[in-house]
Amino acid sequence: MYFGKIKNKGQLERVPPNQNITTSFPVLHAGNVPYYNDLSEWKLKVFGLVEEEKSFSYEDLLKWPQLTFENDIHCVTGWSKLDNSWEGVAVTELMAHLKLKAEAEFVILHAEEGWTTNLPISDFIRETSLLAHTHNGKPLSPEHGWPLRVVFPHLYFWKSAKWVRGIEFTATNQPGYWEKNGYHQYGDPWKEQRFTWD
Ligand SMILES: Nc1nc2c(c(=O)[nH]1)N[C@H]1C(S)=C(S)[C@@H](COP(=O)(O)O)O[C@H]1N2
Ligand SMILES: [Mo]
């Protein structure tokens with residue numbers, strides 16, 4: 001992996017503590033990469049503490065406004081990648097199609113093969129949160145989360161679930177896959193919340 005040098009103060013201010021800039025795009029995950037021949041069977045399920053559980057097809061999502069977000073991503077293993085452009089559906093758009101129950105406080109993202117990650121609803125619904133299908137002008141590769149991944153630029157990148165298939169709203173914070181295996185429940189890169197004890 002190539003670690004570039006920080007080029008100027010502007011970049012330095014954008015890189016959280018103990019992170020190095022990379023210009024490559026590393027692939028990191030547990031389990032297998034899913035491949036799809038077609039997306040006619042694909043659904044994004046929304047369930048848990050919502051007034052009405054819903055299931056969205058890929059076509060449904062493509063009918064909503066498609067936005068492009070520019071951001072930096074920070075992996076807990078120490079690399080940061082600046083100036084990404086992601087295209088997809090804003091989480092705020094998804095939320096406009098849902099009604100949460102009053103007790104809902106947290107989100108569990110469910111990906112292929114039962115992989116999960118957790119975060120507070122207040123972080124999930126930020127204006128910067130995206131359901132992405134495109135990175136730097138190209139459809140996501142299977143390795144990077146095709147057909148749909150979440151992108152939360154303000155948290156370590158492990159929260160940005162690839163191959164997302166379910167969004168569950170809960171009353172309590174329930175640790176996901178990495179959070180059960182020693183990673184922080186929240187994961188703020190600016191506070192270096194890498195591990196459970198940070
Ligand atoms: N479904 C799923 N999403 C996942 C993971 C995973 O194991 N499964 N790993 C996370 C981790 S630890 C990181 S660092 C990023 C890596 O994304 P990338 O491979 O596109 O760089 O995906 C996150 N999303
Ligand atoms: Mo990671």
Side-chain angles (χ1 to χ4, degrees), residues 1-4 15-36 39 42-47 58 61 68-88 91 106-119 123-124 126 128-168 174-198:
M1 189 186 306
Y2 168 74
F3 284 122
V15 180
N18 295 309
Q19 294 288 112
N20 292 293
I21 292 176
T22 180
T23 52
S24 71
F25 193 0
V27 171
L28 283 166
H29 55 256
N32 301 299
V33 175
Y35 293 89
Y36 298 85
L39 295 175
W42 188 97
K43 290 261 185 290
L44 179 66
K45 274 183 66 181
V46 181
F47 59 105
Y58 207 69
L61 301 183
T68 302
F69 288 7
E70 311 278 338
N71 58 38
D72 304 332
I73 55 179
H74 311 293
C75 175
V76 71
T77 60
W79 55 267
S80 290
K81 183 171 173 59
L82 304 183
D83 299 316
N84 299 277
S85 136
W86 304 93
E87 197 185 325
V91 169
F106 296 92
V107 177
I108 304 173
L109 300 172
H110 295 262
E112 296 284 354
E113 298 194 332
W115 190 91
T116 54
T117 191
N118 56 298
L119 73 167
D123 290 86
F124 180 69
R126 282 199 188 196
T128 51
S129 301
L130 189 69
L131 302 169
H133 50 65
T134 298
H135 178 258
N136 290 352
K138 294 197 189 99
L140 289 174
S141 65
E143 292 73 19
H144 285 299
W146 176 262
L148 196 71
R149 81 175 298 163
V150 191
V151 180
F152 301 118
H154 71 293
L155 300 173
Y156 278 125
F157 202 38
W158 90 78
K159 298 283 182 181
S160 293
K162 304 196 273 194
W163 316 302
V164 66
R165 297 299 301 272
I167 298 172
E168 180 182 3
Q174 298 172 33
Y177 180 90
W178 287 117
E179 294 83 2
K180 279 185 201 143
N181 285 286
Y183 282 84
H184 199 273
Q185 294 307 314
Y186 185 69
D188 181 344
W190 300 95
K191 295 185 181 154
E192 280 207 83
Q193 294 173 339
R194 296 176 195 271
F195 305 109
T196 308
W197 51 84
D198 287 332

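FYI, side chains are in, hydrogens and waters are out, and symmetry mates aren't considered; it's all heavy atoms of this structure. Computed from a predicted model, the values in this text were never measured in an experiment. Counting starts at 1 for both ligands and their atoms, in listed order.
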4.5 Å side-chain heavy-atom contact, His133 and Glu87: yes
Examine ligand 1 and decide if any of its atoms is less than 4.0 Å from a heavy atom belonging to Phe25. yes
In terms of residue, atom name and distance, what is the protein heavy atom nearest to atom 11 (C) of ligand 1? Trp158 CA, 3.4 Å
Could you measure the distance from the CG atom of Asn84 to the CZ atom of Phe157? Nearest 0.5 Å is fine. 7.0 Å
Numbered in order shown, the ligand 1 atoms found under 4.0 Å of a heavy atom of His29 are 5 (C), 6 (C), 7 (O), 9 (N)
In the structure I gave you, are the side-chain heavy atoms of Ile73 and Ser160 within less than 4.5 Å of one another anywhere? no
To the closest 0.5 Å, what do you measure between NE2 (His29) and CH2 (Trp178)? 10.5 Å
Nearest protein heavy-atom contact for atom 5 (C) of ligand 1: which residue, which atom, what distance? Trp115 CZ2, 3.5 Å
Heteroatom distance test (Pro26, ligand 1): nitrogen or oxygen, under 3.5 angstrom: yes
For a 4.5 angstrom cut-off between non-hydrogen side-chain atoms, does Val151 reach Phe69? no
At under 4.0 Å between heavy atoms, is it the side chain or the backbone of Trp178 that contacts ligand 1, or both, or neither? side chain
Geometry only, no angles: is His144 polar-contacting ligand 1 at N/O separations under 3.5 Å? yes
For atom 14 (S) of ligand 1, what's the nearest protein heavy atom and its distance? Cys75 SG, 3.4 Å
Below a 4.0 angstrom heavy-atom separation, can you tell me which part of Trp163, side chain or backbone, both or neither, approaches ligand 1? side chain
Is there at least one pair of N or O atoms, one from Ala30 and one from ligand 1, spaced under 3.5 Å apart? yes
Is there a side-chain contact between Asn118 and Lys159 (heavy atoms, below 4.5 Å)? yes
Give me the atom names and distance for the closest heavy-atom approach of Trp158 to Trp115. O-CH2, 3.2 Å
Is Gly145 close enough to touch ligand 1? Criterion: a residue heavy atom under 4.0 Å from a ligand atom. no
Could you tell me the residue and atom name of the protein heavy atom closest to atom 24 (N) of ligand 1, and the distance to it rounded to 0.1 Å? Ser160 O, 3.2 Å
Does the ring centre of His135 sit less than 6.0 Å away from the ring centre of Phe25? yes
Give the numbers and elements of all ligand 1 atoms closer than 4.0 Å to a heavy atom of Ala161. 3 (N), 24 (N)
Test item: Val107 and Asp123 side chains (from C-beta on) under 4.5 Å apart, heavy atoms: no
Of the protein's non-hydrogen atoms, which lies at the shortest distance from atom 16 (C) of ligand 1, and what is that distance? Leu28 O, 3.4 Å
Give yes or no for whether the N/O distance cutoff of 3.5 Å, strictly under, is met between Arg149 and ligand 1. yes
N or O pair under 3.5 Å between Trp79 and ligand 1: no
In this structure, atom 19 (O) of ligand 1 is nearest to the protein heavy atom Lys162 NZ, 2.5 Å
The reported gap from CD in Glu143 to NZ in Lys162 (rounded to nearest 0.5 angstrom) is 8.0 Å
Hey, are the side chains of Asn32 and Trp163 touching, using non-hydrogen atoms and a 4.5 Å cut-off? no
Check each atom of ligand 1 against the heavy atoms of Ala111 and keep those under 4.0 Å away; list them by number with element. 1 (N)
